[in-house]
S.K.: 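Pasting a structure here, questions to come.
Values below: every heavy atom of this structure, side chains too, minus hydrogens, waters and symmetry copies. We name chains A, B, ... by the order of the sequence lines, and we start the count at 1 in each one.
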There are 2 protein chains.
Amino acid sequence: MKYGNRSIIRLSQYRNVLKRLYALGFLKVFSSNLSDAVGVTPAQVRKDFSQFGIAGNKKGGYDINDILKKMDGILGKDKVQKVIIAGMGNIGSALIHYKGFEKEGIEIVAGFDADPVKVKETGNVKIYHINKMYDFIRDNNIEVGIIAVPDNAAQAVFDIMVSAGIKGGLNFAPITLKMDQGCIMRNINVGVELETTIYFMNALKKQDELCS
Amino acid sequence: MKYGNRSIIRLSQYRNVLKRLYALGFLKVFSSNLSDAVGVTPAQVRKDFSQFGIAGNKKGGYDINDILKKMDGILGKDKVQKVIIAGMGNIGSALIHYKGFEKEGIEIVAGFDADPVKVKETGNVKIYHINKMYDFIRDNNIEVGIIAVPDNAAQAVFDIMVSAGIKGGLNFAPITLKMDQGCIMRNINVGVELETTIYFMNALKKQDELCS
DNA sequence: ATTATTTTGAGATATATTTCACAAAATAGC
DNA sequence: GCTATTTTGTGAAATATATCTCAAAATAAT
Ligand SMILES: NC(=O)c1ccc[n+]([C@@H]2O[C@H](COP(=O)([O-])OP(=O)(O)OC[C@H]3O[C@@H](n4cnc5c(N)ncnc54)[C@H](O)[C@@H]3O)[C@@H](O)[C@H]2O)c1
Ligand SMILES: NC(=O)c1ccc[n+]([C@@H]2O[C@H](COP(=O)([O-])OP(=O)(O)OC[C@H]3O[C@@H](n4cnc5c(N)ncnc54)[C@H](O)[C@@H]3O)[C@@H](O)[C@H]2O)c1
């Protein structure tokens, strides 16, 4: 079964909310509760769930524990996913120090950098020189990589990742990586996000001016 | 004129590529060049451009300088956009130290944090205590804010931002902010992005197994 | 000057995504 | 047990987004 892009994004969001609800002691939830929390319509929630084969109880809503299990299955949350990061600058360090991934079953296992000053092979999560990345990926069967190097280094670093066995991950560099099928990278371009937001802010302002 | 969400995102991407091309001395570009660089189809580029009222020359392609001017107009790049950040932890510091926004006409003018240790009212971009944020936004007519505080503080901090005059920005906290019309926040949820990527990686793997 | 080639521009078509609308099921109240 | 109420589940309709196709324009070649 193949699900839509958007549906999977929302699935992950639903799951985050549900885990919090469950931790608070809640046992069931209505589509309208979830829709409020995630910022979509109730119909969207029900449509998504129906697509995922997640069933509720008419009048009784959905059983949180039940649907969390189903979601974990769909998202492949049965095993911890090991992730590496290339580039230990601003973004790379922020990610490697973030405590929030662990409880999502995502473990950052190592960082890599070309700058010897950044290397730190002691401590909790070790930072190695970039020329050790290929072997590390191979030896530890890493499949997920994060690109946090400057744009001009991104493609080269990514190519090494792929040749070593990386199958996907995130790219923070403001370029579009070239890759073959069989590899899935998602771009996070903060600059573009900001520009886009500012555009829609301006558009909204103009619209308001027209109405008044 | 109202443009689609996706088109504006791509517009910002096209613009990034075009600025690089122009810096390299290129004067014109074909839809297929741009589509390669941004990872879309040439038809998509032309459709977007036609929607934006950006015209090219049949056989000669598009004049980079020309269309950059047009894009700047659409994206409101005539003036520098001042931005503040709430939360000077991992993500907040990464953003405030990033040098790449300036050349996009985006200026991070201040950071704010509840932790007195993080406050640093000397230096290039100053970091103030969060209780100075309201006045700062008011006094400096700031309209764009970035939320980089923990999830449980995000809504409260955002409400202060809005009451002081913020009209939009980015939210890195993994929650959906409640807001009225007239305000546009874009969520950047790294955890969700990673989960989604991993899902599609697994889906791709399963598919490959079937084919082989 | 004529012909061949390239590339845009846009209507038509296809696909993806969201919302609507309401019957059917489950529960609660009396 | 019967009735009223709530909420799901899902086709159908609406909207949004992307691709296809090809005539027309611009240029290059001969
Ligand atoms: N920091 C931000 O807020 C921000 C915002 C938007 C986009 N980005 C993008 O994210 C990426 C990282 O940004 P940053 O601010 O962390 O940059 P940074 O300069 O702080 O860090 C980059 C790190 O990569 C290392 N590096 C350089 N070449 C390398 C190579 N070939 N192999 C391994 N490591 C190498 C550098 O030594 C450095 O430590 C950049 O592409 C940037 O454009 C960052
Ligand atoms: N760092 C990451 O890689 C990452 C990844 C995904 C999501 N996030 C999200 O981004 C946000 C920031 O993450 P982080 O890693 O930078 O966290 P962090 O804990 O490093 O930083 C948070 C900062 O906010 C400050 N703060 C707390 N309450 C505040 C308040 N009421 N007003 C002002 N400041 C306050 C803290 O003092 C701290 O400096 C969080 O919501 C987190 O879930 C971060």
Side-chain angles (χ1 to χ4, degrees), chain A residues 1-14 17-18 21 26-68 70-71 74 176 184 186-187 192 196 199-200 203, chain B residues 1-14 18 21 26-68 70-71 176 186 192 196 199-200 203:
Chain A
M1 184 58 176
K2 178 82 178 350
Y3 307 112
N5 228 296
R6 307 300 193 86
S7 303
I8 291 291
I9 293 174
R10 284 191 300 270
L11 181 62
S12 174
Q13 293 178 301
Y14 297 144
V17 171
L18 289 169
L21 273 183
F26 286 76
L27 294 177
K28 46 199 182 106
V29 70
F30 297 136
S31 60
S32 70
N33 304 139
L34 263 177
S35 73
D36 288 341
V38 171
V40 298
T41 63
Q44 179 81 85
V45 174
R46 295 200 299 274
K47 190 64 144 192
D48 284 336
F49 280 17
S50 129
Q51 227 105 48
F52 290 130
I54 288 174
N57 184 306
K58 302 198 190 213
K59 180 107 188 200
Y62 300 87
D63 181 288
I64 296 181
N65 196 35
D66 245 31
I67 64 183
L68 270 178
K70 196 118 193 180
M71 288 176 171
I74 294 169
T176 304
I184 295 184
R186 194 168 274 262
N187 297 305
V192 166
T196 308
Y199 166 81
F200 283 109
Chain B
M1 184 59 176
K2 178 86 175 350
Y3 305 112
N5 228 296
R6 306 301 190 83
S7 302
I8 292 291
I9 293 173
R10 284 191 299 269
L11 181 61
S12 174
Q13 294 177 302
Y14 297 145
L18 289 169
L21 274 184
F26 286 76
L27 295 175
K28 47 200 183 103
V29 70
F30 298 136
S31 60
S32 70
N33 303 141
L34 264 176
S35 73
D36 287 342
V38 171
V40 298
T41 63
Q44 179 82 81
V45 174
R46 294 200 297 274
K47 190 60 133 195
D48 284 337
F49 280 17
S50 128
Q51 227 107 48
F52 291 130
I54 288 173
N57 184 305
K58 303 200 191 210
K59 179 103 189 201
Y62 300 88
D63 181 290
I64 296 182
N65 196 37
D66 246 32
I67 64 183
L68 269 177
K70 195 118 193 180
M71 289 177 171
T176 304
R186 194 168 276 260
V192 167
T196 308
Y199 166 81
F200 283 108

S.K.: Can you give me the closest heavy-atom contact between B:Thr41 and B:Ser35, atom names plus distance?
M.R.: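 Closest pair (atom of B:Thr41, atom of B:Ser35, distance): C-CB, 3.5 Å.
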S.K.: Round to the nearest Å and state the distance from A:Ile8 atom CD1 to C:dA16 atom C1'.
M.R.: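 One finds 15 Å between C1' of C:dA16 and CD1 of A:Ile8, rounded.
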S.K.: Quickly work out the B:Phe52 CZ to C:dG9 P distance and round it to whole Å.
M.R.: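 Whole-Å distance recorded here is 14 Å.
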S.K.: Taking atom P of C:dA16 as reference, at what distance in whole Å does atom OH of A:Tyr3 sit?
M.R.: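 Roughly 16 Å, once rounded to whole Å.
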S.K.: Check every strand shown and say whether B:Ser32 touches a base, only sugar-phosphate, or nothing at a heavy-atom separation below 4.0 Å.
M.R.: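 Here B:Ser32 touches no strand at all.
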S.K.: Identify the two heavy atoms, one from A:Leu18 and one from A:Ile64, that lie closest to each other, and give their separation to 0.1 Å.
M.R.: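 Smallest interatomic distance, heavy atoms only, reads O-CG2, 3.8 Å.
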S.K.: As a test of understanding, state which of A:Gln44, A:Arg46, A:Lys47 forms a side chain to side chain donor-acceptor pair (under 3.5 Å) with A:Ser31.
M.R.: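 The passing option is A:Arg46.
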S.K.: Reading nucleotides 18-30 of chain C 5' to 3', which nucleotides get B (base under 4.0 Å from a protein heavy atom), which S (sugar-phosphate only), which -?
M.R.: SB-B--BBBB---
S.K.: Roughly how far, to the nearest 0.5 Å, is OG1 of A:Thr196 from CD of B:Gln13?
M.R.: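 Taking CD in B:Gln13 and OG1 in A:Thr196, the distance rounds to 8.0 Å.
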S.K.: Could you check if a side-chain atom of A:Val45 sits within less than 4.5 angstrom of a side-chain atom of A:Phe30, using non-hydrogen atoms only?
M.R.: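 Contact flag for A:Val45/A:Phe30 side chains = no.
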S.K.: Any side-chain N or O of A:Tyr62 under 4.0 Å from OP1/OP2 of D:dG9?
M.R.: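 Yes, because at least one side-chain N or O of A:Tyr62 sits under 4.0 Å from OP1 or OP2 of D:dG9.
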S.K.: CD1 of A:Ile54 versus P of D:dT7: gap in Å, rounded?
M.R.: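 About 19 Å, once rounded to whole Å.
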S.K.: Between B:Ser50 and C:dA10, is there a side-chain N or O to OP1/OP2 distance below 4.0 Å?
M.R.: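 Looking at the OP1 and OP2 atoms of C:dA10, one of them is under 4.0 Å from a side-chain N or O of B:Ser50.
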S.K.: Please report the distance, rounded to the nearest Å, between CG in B:Asn5 and P in C:dT17.
M.R.: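 Computing the B:Asn5:CG to C:dT17:P distance gives 14 Å.
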S.K.: Quick one: B:Asn33 CG to C:dT7 P, roughly how many Å, whole number?
M.R.: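 Distance, rounded to whole Å: 9 Å.
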S.K.: To the nearest Å, give me how far apart CZ (B:Phe30) and P (C:dT6) are.
M.R.: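 Taking CZ of B:Phe30 and P of C:dT6, I get 11 Å after rounding.
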S.K.: Anything under 30° is parallel, anything over 60° is perpendicular, the rest tilted; go ahead and classify B:Tyr62 against B:Phe49.
M.R.: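 It falls in the perpendicular class, over 60°.
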